[in-house]
Amino acid sequence: MNKKQEDLDLRYLRMASIWAENSYCTRRKVGALIVKDKMIISDGYNGTPSGFENVCEDENNITKPYVLHAEANAITKIARSGNNSDGATLYVTDAPCIECAKLIIQAGIRRVIYSRAYRLTEGIELLQRANIEVKLVPIND
């Protein structure tokens, strides 16, 4: 991979990290950008579905089961826009879970660049099995 692509990857990851600040979740704020042909075609952050209260955790600080992940929000935005993510790159602050990995595969995304590993690795393993380029690029917040 060339230096220019590495620089772009780092910039887009920083942007995803800034986008995560939009999340109302308190336990973990996650941001995602989908980039195709050097254009941001979608974005997302973790949170509740449209029309729900912006509270992600219950009284015991457990994430509510209907909270959407940043990747899912970005991918569903693409579906509503009429655009497509075939061959795109997903930049996300945290390693995708297995449910998001399935969506990433089905959306035709070919690269996933993330900045924080997660204790569960099934999502990353599934992406690799699907021959999607996956790369951990830590950023200094």
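Numbering starts at 1 and runs along the sequence shown.
- Between the side chains of Thr89 and Arg110, not a single donor N or O lies within less than 3.5 Å of an accepting N or O.
- With contacts defined as side-chain heavy-atom distances shorter than 4.5 Å, the pair Val92/Leu13 does not qualify.
- Each of Ile132 and Val35 belongs to its own hydrophobic cluster when Ile, Leu, Val, Met, Phe, Trp and Tyr are linked at side-chain heavy-atom distances under 4.5 angstrom.
- With a 4.5 Å cut-off on side-chain heavy atoms, Glu99 and Glu122 do not count as touching.
- In Gln106, the CD atom is not crowded: 12 or fewer heavy atoms of neighbouring residues, nucleotides or ligands sit closer than 6.0 Å.
- For the pair Gly47 and Asn73, the tightest heavy-atom approach, listed with the atom from each and the gap, is N-ND2, 4.2 Å.
- You'll find the side chain of Val30 stays beyond 4.5 Å of the side chain of Ser23, heavy atoms only.
- Remark: the Gln5 side chain and the Asp9 side chain contain an N/O donor-acceptor pair separated by less than 3.5 Å.
- Both Ile98 and Leu127 sit in one connected hydrophobic cluster of ILVMFWY residues. Membership requires side-chain heavy atoms under 4.5 Å apart, directly or through other members.
- Side-chain atoms of Trp19 and Arg14, non-hydrogen and from C-beta on, never get closer than 4.5 Å to each other.
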Quiz item: Going through the checks in order, is the side chain to side chain contact (heavy atoms under 4.5 Å, CB included) test met by Thr93 and Arg116?
Solution: CA-CA 6 Å; Thr93 56; Arg116 288 187 296 230; 3.7 Å; yes
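- Here the closest heavy-atom approach between residue Tyr12 and residue Leu33 is recorded as O-CD1, 3.6 Å.
- Clustering ILVMFWY residues whenever any of their side-chain heavy atoms sit less than 4.5 angstrom apart, transitively, puts Tyr91 in a cluster other than the one holding Val134.
- Between Leu68 and Asn46 there is no side-chain heavy-atom pair separated by less than 4.5 Å.
- When every heavy atom of Glu71 is checked against every heavy atom of Pro96, the shortest pair comes out as OE2-CA, 3.2 Å.
- Side-chain contact check for Asn83 and Lys36: no donor-acceptor pair (N or O, by modelled atom type) lies under 3.5 Å.
- Annotation for Met15 and Ile40: closest pair CE-CD1, 3.3 Å, computed over non-hydrogen atoms.
- Under a 3.5 Å cut-off, the side chain of Asn60 and the backbone N or O of Ile62 do not form any donor-acceptor pair.
- Closest heavy-atom contact between Tyr66 and Pro49: O-CD, 3.5 Å.
- Ile105 is not connected to Tyr118 by any chain of hydrophobic side-chain contacts under 4.5 Å among Ile, Leu, Val, Met, Phe, Trp and Tyr, and they are in different clusters.
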Self-check item: Stepwise side chain to side chain contact (heavy atoms under 4.5 Å, CB included) test for Leu90 and Ile113
Solution: CA-CA 6 Å; Leu90 171 71; Ile113 312 298; over 6 Å; no
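- Side-chain atoms of Ser85 come within 3.5 Å of backbone N or O of Ala107 as a donor-acceptor pair.
- Here the side chain of Ser42 pairs a donor or acceptor atom with the backbone of Ala74 at under 3.5 angstrom.
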Exercise. Take Arg27 and Thr63, measure what side chain to side chain contact (heavy atoms under 4.5 Å, CB included) needs, and give me the verdict at the end.
Key: CA-CA 8 Å; Arg27 291 182 64 221; Thr63 300; 2.9 Å; yes
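- The shortest side-chain heavy-atom distance between Val55 and Lys64 falls under the 4.5 Å cut-off.
- Taken together through direct or relayed side-chain contacts under 4.5 Å among Ile, Leu, Val, Met, Phe, Trp and Tyr, Ile124 and Leu120 form parts of separate hydrophobic clusters.
- Residues Ile34 and Ile75 are in side-chain contact: their nearest non-hydrogen atoms beyond the backbone lie under 4.5 Å apart.
- Closest approach of Ala20 and Gly31 over heavy atoms only: CB-N, 3.3 Å.
- The shortest distance between side-chain heavy atoms of Leu103 and His69 does not fall below 4.5 Å.
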